[in-house]
Structures are given as C-alpha cells and as structure tokens.
Amino acid sequence: MKAGKKLSLQFLTSLLCLMAVFLASCGGGNGNGSKAPDANQVLRFPVVGDINSFDPATVQDTDSNFPIQAVFTGLVTLDKDLKVKPQLAAALPTVSSDGMTYTFKLRDGLKFSNGDPLTSKDVVYSINRAVAKETNSPVSYYLSLLKDFDKVNSGKQATLVGDSLQTPDANTVVIKINKPAAYFLETLSYPTSYVVNQKIVDKYKGGKSPWTDHLQEGAGAGPFKVDNYNHSTGIKLVRNDNYYGPKPKLNTLQVVFYKDQDGMYKAYQAKQLDFAYVPTSSVGDVAGKPDYSATNVLTIRYLSLNYLAKPFDNIKIRQAFALAINKDTIVKTAINNAFVASNHIIPQGMPGYNDALTGPEGSTTQGDPAKAKQLLADGLKEEGMTALPPLTLTYYPREQSYKDAMSEVVSMWQSNLSVKVNVNTVARPRLLDLENATKNNASLTMWQAGWNADYPDPQDWLTTFFDRGSDYNQFNYGQNNSTAAAEQVKVQDELRKADVTQDQTARMKIYNDAEQKIINDAGWIPLWQEKVHSLTSQKVHNLKLNSQQLIPPDDWSNIYMSA
Amino acid sequence: MLKFLIKRFIGLLFVILCVTFLTFIIGYYAPSNPIQIMMGDHPNKLLEAQLKHAYGLDLPPLQQYLNFLIRLLHFDLGTSFKTIGRPVNDIIGEGLPISLELGMWALLIQICIGVPVGIISAIRANSWTDTISMGAALIIYALPAFILGILVQFLIIWLDNTFGWSWPNTQWGTPWQYTWTDIQYKLAPILVYGATGMAYFARLARTSMLEILRQDYVRTARAKGLYERAVIYRHAFRNALIPLITIIGLSVGFLVAGAFFIERIFSIPGIAGITLDSIDNLDYPVVQATTVVLAIGVVFGNLLSDICYTLVDPRIKAE
C-alpha cells in the first residue's frame with residue numbers, strides 16, 4: 001500500500017510538471033509572405049453569435065452589424081475615419097436651401113448579388129420598411145428625422161413612399177426630413193437605411209423561417225454575398241462579383257460564431273481564427289506582440305450627477321466631486337490600462353473631438369484633490385450646509401474591473417473630500433429604468449453609465465444628452481433651479497444652432513465650445529474611453545477596424561491573405 | 001406496466017406544467033425588461049410600448065402564460081426576442097442534437113470506463129491499482145469541469161504551436177458526423193465531460209461493489225467453493241449495479257443540462273449554452289423552451305431508471 005501511494009505521488013508530480021511546462025510554453029508566431037492563391041483567400045473572423053439579426057432594419061449590436069455591413073450597403077456609408085462617403089449614391093446628395101430635402105443620384109448599373117437590378121424603388125422600399133410599424137424595428141429611431149416618420153412608425157399612415165421618400169426616376173432618390181439637420185447623412189449611414197431585395201423579403205413573408213435565412217438567394221448589394229448561414233456555427237460569405245465597387249481580394253469571409261471573447265481568444269491561439277478580440281483581463285499578456293493592436297472605440301463611461309438632487313444643484317460641489325477623482329489611477333489599477341482615461345464627452349476618433357478640452361477648472365485626467373476640497377468647502381458654505389446628505393452611487397457592474405473602478409472612485413471621494421458615498425449595484429435593465437424615471441425629479445442622485453455612438457456626429461453626444469426635453473437628459477441639465485441653469489440653457493441654444501449649421505468647421509467649433517462648458521459645469525464626469533484589443537494573424541494584410549469595429553465596404557479590396 | 005407508464009406520463013405533464021409556470025413567474029417578476037435590452041440604451045416609451053404589444057408582453061400575466069401553453073400544445077414554442085423573429089423550435093432543433101451527442105458519448109465513457117475501474121478497484125481493494133485509480137479519480141472528480149476544460153484547451157494550444165498542428169480547441173463540427181475534422185472538434189470536450197463523470201462513476205461503483213462483497217451471501221458463495229470469477233460476476237456484480245442504475249438513469253436525464261460549463265468553455269452551440277445565453281439576454285421564449293426540454297429529459301431519465309430497476313432486480317415491480 002505504501003509503495004502504491006509513493007508511485008501515485010510520483011506520477012502526480014510528473015503530471016503537474018508536464019502541465020506547467022505546457023502552460024509556460026503557450027504562444028507562437030506567424031509567418032509572412034506573398035499573396036496566397038485565390039482558393040486560400042479565406043479570412044476567419046469571429047463574432048458573438050448566433051447574431052441577433054441579419055436584417056439591416058432591425059440590427060442593434062456590433063456583432064450583427066459586422067456581417068450586415070459586408071452583405072448590404074446603403075446610399076452612404078462611413079469610411080475608415082468615420083467620414084460619410086457615397087456608396088450606392090454616385091456622389092453626396094444635393095441639399096435644398098432650407099436643408100430639408102436631399103436628392104441622391106444612384107450609380108449606374110447597380111445590381112443585387114443575384115444580378116437583379118437595384119433601382120431607386122429598392123432604396124425607398126428598404127427605408128420605408130425599416131420605419132413601418134409591422135417591421136417592429138427596435139432601431140427605427142435612426143430614421144426619425146424623416147418627414148412623417150411618427151405617422152408611419154405608429155401605423156397611422158401606410159407608407160413614406162411618395163411622401164418623404166420619392167423616386168422621380170429609377171436613378172434618383174429624394175428624401176425629405178422634418179427639420180434641418182446637418183447630421184442627417186450620418187444617421188443615414190446606419191444599416192436601417194441599407195437596401196434589401198424586396199423580392200426575397202416578400203417571398204418569405206409569413207413563412208416558416210424569416211427571409212434572412214434565405215440570403216443566399218441574393219438579398220444584398222455589398223462586397224460579399226451569403227453562401228451559407230448556419231445559426232450554430234457561423235456565416236460563410238463569398239465575394240460578390242456583382243458588387244459595384246472595388247471587389248474584395250478575399251474569396252471567402254468566414255464569420256465564425258463564439259459565445260464570448262474568451263472563446264475567440266482561445267480559438268485564435270489554437271489557430272482556428274485569423275482575428276480575435278482580446279478579453280480585457282488578457283490584454284497584459286499580449287500587448288506589444290506583433291499581432292496585437294488596439295483601437296479606440298466610440299464609447300465613454302461617465303458619472304451623472306442629478307441637478308435636481310441636493311447637493312448637486314451646486315456647481316462647486318459638482319466640480320469638487322469631479323476633481324477628486326484621479327482617472328489615470330483608476331484606469332491603471334482597476335482597468336489594467338485596457339482603456340484610456342478621459343475628460344471628454346465626444347470620444348477620440350469622432351469628428352468634433354476637441355484635443356484642447358480640459359476638465360473642470362482646467363484640470364487634467366489626474367484631477368486636483370486640493371482644489372476639490374476647497375470647492376466642496378465653498379459649495380457647502382453657499383448652501384448653508386455643514387455636511388452632505390447621505391449619497392448613493394448606483395451602477396451596473398458589467399465586469400469585475402467596473403466594480404474595482406467604482407470602489408476606487410468612492411474611495412477617492414472618501415480620502416480627498418471626506419465624503420462617504422454608498423454603492424448600489426443593479427442589473428442593467430434596472431439601471432435603465434431608474435435613469436428613465438429620474439427625469440424631472442431627484443429619485444436617482446448619482447449613477448454611472450456609458451454611451452456608444454449611434455453615428456459619428458457630436459449631435460449624438462451633446463444634443464442627445466444635454467438638450468432640453470431630451471429623453472436622455474435624465475440628469476436634468478438646464479431643467480433645474482441651480483445657479484448655473486441660465487448658463488445651461490444658453491448652451492442648449494448653442495447646441496440647437498450647431499445641429500442645423502451646414503458649415504462643418506463652424507459647426508464643430510460650436511460643439512467644442514458647448515462641450516467645454518458642459519464639462520466645466522460637471523454635466524457629466526467622464527471616466528474613460530473604451531478600446532478594443534485584438535490579435536490579427538500575420539498572414540492577414542491591411543485589416544483595420546474603424547472606431548465602430550467595422551470594415552468599410554470598399555476597404556475589403558485591400559485585405560488579403562499571404563501564403 | 002402500461003398503467004405504470006400512463007401514471008408516469010401524467011406525472012410528466014404535471015412536472016412540465018409546474019416547471020413552465022415557475023419559469024414564467026420568475027421571468028415575469030424579474031426586475032428586467034427584454035424589450036429594453038432589444039432597444040439598447042435608447043429610452044423611447046412609444047417604441048417600447050409598440051414592441052411590448054408586438055411580442056404580447058402587454059397582456060395580463062395569466063393570459064401570457066395561457067398563450068404559451070396553447071402554443072406548446074401545438075408544438076409551437078414562439079419566436080425568440082434576441083435573435084429577432086427566429087422560431088424557438090429552430091433554435092432548440094439545432095442545439096439539442098449537439099448536446100445529446102456530447103452527452104451520449106460522455107455518458108458512454110463514464111459508464112464503460114468508470115464502472116469497470118470502480119469494480120476492479122473494489123476487487124483489488126487497498127492494492128496499488130486501487131490507490132492509483134481511486135487517487136486519479138478523486139483528483140479528476142475534485143477538479144471542476146471548467147478547470148479541466150481550460151487546462152485541456154491550453155494543452156491543445158501548446159501542441160498546436162509546438163508541433164504546428166491545427167487541432168481546434170473550440171466549436172463542435174457537424175453534429176453526428178465523424179470525419180477526421182469532426183473528431184478533432186469533438187474529442188476534447190467529450191473526453192473532459194466524460195472524465196469528470198467517469199471519476200464519479202468509478203468511485204460509486206467501487207463503494208457499491210465493496211459493500212456487496214462484504215455481504216453474507218457472497219461469503220456463502222465463496223464458502224461453497226465457487227470460482228472467484230463466478231462469485232464476482234454472477235453474485236456480486238449484478239447486485240452492485242442496482243444503485244448505479246439509479247445514477248445512470250438520472251444521468252441520462254441530466255445529459256443535456258449537465259453540459260453547461262463544457263459547452264460554454266468549448267464554445268459548443270448546444271442547448272445548455274443556448275439556455276445560458278437566453279437567461280443572459282432575458283430571452284424568455286427560449287428560456288421557457290429549454291426548461292421544458294430539460295424537464296422532459298429529467299423525467300424520462302427517472303422513468304428509465306425505474307424500468308431498469310425492474311430488469312436488474314426482479315423483486316421490484318413496475319407499479
């Protein structure tokens with residue numbers, strides 16, 4: 001028996017050593033070389049799947065958007081720098097003098113991937129379909145600038161075609177909007193206005209399976225067409241030879257489904273993929289490797305202080321809370337430097353990003369604890385208070401790093417301001433409910449949230465959140481009784497002016513000015529801008545995601561695999 | 001026997017009714033809203049009301065539940081909230097064969113290796129064979145499936161990078177097909193799932209066999225001069241199987257549900273993974289459907305176990 005035990009222990013020790021060697025040896029390299037033959041031009045790209053939707057009219061998430069952007073296109077799309085670019089349209093539209101009518105001329109000879117001709121009727125059909133009540137699109141609001149959108153979206157009017165969507169001829173599309181909006185083309189770059197083949201949609205209407213299960217019949221006009229869509233494993237896309245633009249060098253784009261980023265990361269390490277996102281916790285393991293890259297994405301995490309809740313109706317107390325936070329430390333210790341500390345509302349990578357913007361009182365992302373303490377004392381004096389009321393920070397702990405970050409924020413308030421703030425963690429839908437319910441009242445005092453750009457225009461950040469009456473202005477900016485309210489209303493007027501200003505340089509200048517004023521007022525306390533970290537096999541050339549984690553349609557013509 | 005089966009079928013209906021009702025109640029009163037998830041961070045009361053109406057979520061709770069039951073009677077499980085407009089029947093239909101395949105192979109490994117190892121250990125109790133096999137079984141059993149799974153994935157990565165292989169460490173291949181590529185996909189998850197259960201079966205078989213070997217009738221069989229092989233296989237083994245059959249029957253029921261970790265780690269698109277995803281996304285039609293499928297599995301597992309009892313032990317009647 002003793003001998004048996006000894007043998008067993010030796011065996012176990014050997015096994016563990018072997019495992020340790022295996023683990024320590026994980027890693028590897030990739031080759032490089034000339035362009036591979038066409039049959040080997042296969043890129044394996046992962047998304048979290050099964051995707052929520054393959055219908056451009058209903059797509060809401062990045063993972064679904066990736067294959068949609070490869071298969072469908074619209075009048076305009078965004079290029080790698082997020083600039084609006086004509087796509088099905090031959091050029092950017094002519095705009096009427098009142099800024100409310102846009103006329104697009106289509107390229108000649110447009111075709112769907114199955115060879116069906118694509119005309120102006122297909123364009124207006126697709127846009128109308130996304131708005132129509134029966135489509136039940138959760139993202140129809142992207143088209144809410146269209147004249148009579150509300151009527152059609154609620155079912156009170158049958159169609160927008162012939163009304164705000166007109167087709168004077170097969171090559172011309174006229175779109176009317178309900179107010180001048182210099183950001184209209186940006187909203188039009190979202191897939192809700194991408195063109196789908198009515199023939200395929202109608203063929204499977206009311207059928208056993210949705211039309212998106214039959215995309216191989218040719219429903220889009222993008223650089224790729226669907227060869228096979230398996231809801232369990234992924235989507236095989238192949239080059240669309242009817243694509244009007246420069247054709248992809250890739251023969252096949254295999255969109256592979258994974259449950260999460262961990263799965264993708266491990267699959268990439270086992271050479272099952274040519275690209276993978278890196279989970280935040282693993283960024284330190286891969287940063288600096290030749291196949292590693294990071295891209296700023298248009299997501300800002302921020303703190304909101306409710307202007308209707310005491311003591312945040314006082315500007316000095318709000319500023320004190322902002323300056324007491326050292327964002328650099330939080331990003332370094334809690335986020336493992338996976339994101340970038342930020343004082344901005346408009347994230348880096350967006351048109352309108354203001355490089356010269358500072359935090360309140362000219363502060364940096366390191367904050368200013370001494371000034372914060374002084375501001376708090378002054379604020380309390382102005383309010384006739386000796387101590388702050390009990391405060392609670394509400395947030396949704398999406399991942400452990402968020403919990404760590406919020407613990408640090410609370411700890412900084414405690415150490416720099418001697419203020420104890422309680423923490424309340426809630427599920428994401430619950431937080432959304434609480435945020436929505438706090439508009440025009442003080443039911444929620446302070447919370448942490450995030451915003452990801454719908455379309456690359458400052459309007460989507462500034463007017464959306466800070467305009468009077470906006471559903472997103474839940475912290476009651478400009479709609480409160482604080483001493484700063486009058487100044488806030490002026491900022492809101494500035495934003496409205498910028499929204500309709502056609503001169504883009506002048507427009508961005510107004511937004512920049514408004515953003516700085518909002519930050520000085522601690523309308524938001526931005527914490528960090530998110531990044532995506534990725535690994536790309538060295539056999540893949542020229543693959544670069546833009547800040548929306550997408551590849552513009554024409555950029556596929558640059559991407560190829562080497563042998 | 002027929003009466004017994006009818007009784008069990010009625011019991012199955014009752015179980016499904018209870019399980020679906022509880023799942024519905026939990027979903028209905030959960031502080032979450034699937035429509036908000038569908039809409040992202042965009043507050044829009046009008047659109048929210050419109051979508052709630054479209055998905056029947058504005059109906060009174062009892063009406064919603066009754067609608068679900070009526071659909072269920074027509075074998076219609078509704079449409080998914082998450083994968084917009086997709087029939088839940090299709091989602092289950094794609095995930096279930098994969099989970100069944102994974103579970104079946106894993107259970108075969110568990111029984112075909114675990115039980116003999118346990119029996120041999122019991123026969124050679126306290127020998128080095130017993131110590132090694134039970135020690136290894138204890139380690140594997142103590143290791144959570146997800147740790148073992150991740151270790152195996154690391155091992156595959158190392159092998160791929162060291163020897164230039166392209167052995168996959170995620171995904172599943174084509175269900176119920178066994179080309180070399182399919183086997184490469186399936187081997188690791190099946191072995192990991194099989195190993196964790198195998199250790200359990202081995203330990204259980206050993207304990208059961210040891211207990212039987214100490215019984216008077218075994219001593220009597222030996223005393224009357226029977227060959228050891230006859231004592232073991234004719235007298236002890238069959239009796240040692242009785243507790244094992246209960247566990248095997250229940251394991252059949254949990255074949256699918258038991259693979260939650262394995263499916264998540266290896267990114268296998270089976271029904272266990274679908275269940276977890278649907279819970280994450282508040283995709284209630286899918287949660288309801290997977291719950292029904294898993295409940296049916298467990299009830300049938302129990303039934304199978306009871307029927308097997310009667311086959312192994314003639315003293316037990318199926319009544």
Side-chain angles (χ1 to χ4, degrees), chain A residues 1 3-5 7-8 11-12 19 22-23 25-28 50-53 55 58 60-61 133 136 138-141 153-154 208-210 212-213 231-233 256-260 262-264 266-267 269-272 426-430 432-433 435-436 449-452 454 471-472 474, chain B residues 31-47 50-51 54-55 82-87 90-91 94-95 98 126-132 135-136 139 151 153-162 166-172 263-267 269 273 276-277 282:
Chain A
M1 178 154 176
K5 259 188 183 169
L7 188 64
S8 174
F11 174 72
L12 278 175
M19 282 290 180
F22 285 168
L23 292 174
S25 310
C26 287
D50 184 7
I51 54 171
N52 293 353
S53 173
D55 182 347
T58 59
Q60 192 251 333
D61 61 299
K133 190 183 177 207
N136 285 315
V139 286
S140 55
Y141 47 76
N153 195 231
S154 62
K208 201 171 164 244
S209 55
T212 47
D213 279 358
H231 290 274
S232 298
T233 55
V256 192
F257 293 159
Y258 281 87
K259 296 285 176 199
D260 50 33
D262 273 328
M264 297 174 190
K266 282 183 284 196
Q269 290 175 304
K271 299 177 186 171
Q272 271 180 272
V426 293
R428 183 169 165 266
R430 178 69 184 147
L432 293 175
D433 275 344
E435 286 178 64
N436 292 340
W451 184 248
N452 183 38
D454 293 321
D471 285 335
Y472 300 81
Q474 297 136 338
Chain B
S32 314
N33 178 350
I35 300 298
Q36 270 187 350
I37 289 193
M38 204 186 273
M39 290 170 55
D41 291 339
H42 300 80
N44 187 324
K45 290 285 167 201
L46 275 177
L47 183 60
Q50 190 179 313
L51 290 173
Y55 285 94
K82 180 185 170 273
T83 44
I84 298 172
R86 186 148 190 255
D90 288 0
I91 296 174
E94 278 178 16
I98 293 172
N126 299 330
S127 69
W128 66 269
T129 314
D130 178 31
T131 310
I132 288 179
I139 290 168
L151 278 174
Q153 283 183 319
F154 279 139
L155 177 62
I156 293 172
I157 291 168
W158 181 81
L159 291 169
D160 283 348
N161 285 296
T162 307
S166 301
W167 196 285
N169 65 355
T170 49
Q171 295 275 10
W172 186 246
E263 289 191 6
R264 179 50 71 96
I265 291 163
F266 287 94
S267 284
L276 287 181
D277 284 347
L282 308 181

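Sequence lines set the chain letters: A, B, ... in the order given, protein chains first and strands last, and positions in each chain run from 1. When reading the values below, keep in mind they use all heavy atoms of this one structure, side chains included, and skip hydrogens, waters and symmetry mates. Predicted, not measured: the structure shown is a model, and the values here were computed from it.
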Applying side chain to side chain contact (heavy atoms under 4.5 Å, CB included) to B:Asn161 and A:Lys271, what does each step give before you reach the verdict?
CA-CA 8 Å; B:Asn161 285 296; A:Lys271 299 177 186 171; 3.7 Å; yes

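- How far CG of B:Leu47 is from CE of B:Met39: 4.5 Å, rounded to the nearest 0.5 Å.
- For the set A:Asn436, A:Asn452, A:Asp55, A:Asp213, the count of heavy-atom pairs under 4.5 angstrom toward chain B peaks at A:Asn436.
- For the pair B:Gln153 (side chain) and B:Asn169 (backbone), a donor-acceptor distance under 3.5 Å is present.
- The residue among B:Arg86, B:Glu263, B:Glu94, B:Lys45 with the most heavy atom pairs within less than 4.5 Å of chain A is B:Arg86.
- Considering every non-hydrogen atom in both A:Gln272 and A:Tyr258, the closest pair reads NE2-OH, 3.8 Å.
- Interface residue A:Gln474: only side-chain heavy atoms are found under 4.5 Å from chain B.
- Between chain A and the residues B:Ser267, B:Ala54, B:Pro87, B:Pro34, the most heavy-atom pairs under 4.5 angstrom are made by B:Ser267.
- With A:Lys259 contributing its side chain and B:Asp277 its backbone, the two residues share no donor-acceptor pair below 3.5 Å.
- Residue A:Asn136 touches chain B through both its backbone and its side chain, counting heavy-atom pairs closer than 4.5 Å.
- The greatest number of non-hydrogen atom pairs below 4.5 Å with chain B, out of A:Asp262, A:Asn153, A:Thr212, is found for A:Asn153.
- When B:Ile98, B:Leu282, B:Ile156, B:Ile37 are compared by the number of non-hydrogen pairs under 4.5 Å with chain A, B:Ile37 comes out ahead.
- Looking at A:Asp454, the atoms closer than 4.5 Å to chain B (heavy atoms on both sides) all sit in the side chain, from C-beta outward.
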Check the pair B:Trp172 / A:Thr233 against side chain to side chain contact (heavy atoms under 4.5 Å, CB included), numbers first and verdict last.
CA-CA 8 Å; B:Trp172 186 246; A:Thr233 55; over 6 Å; no

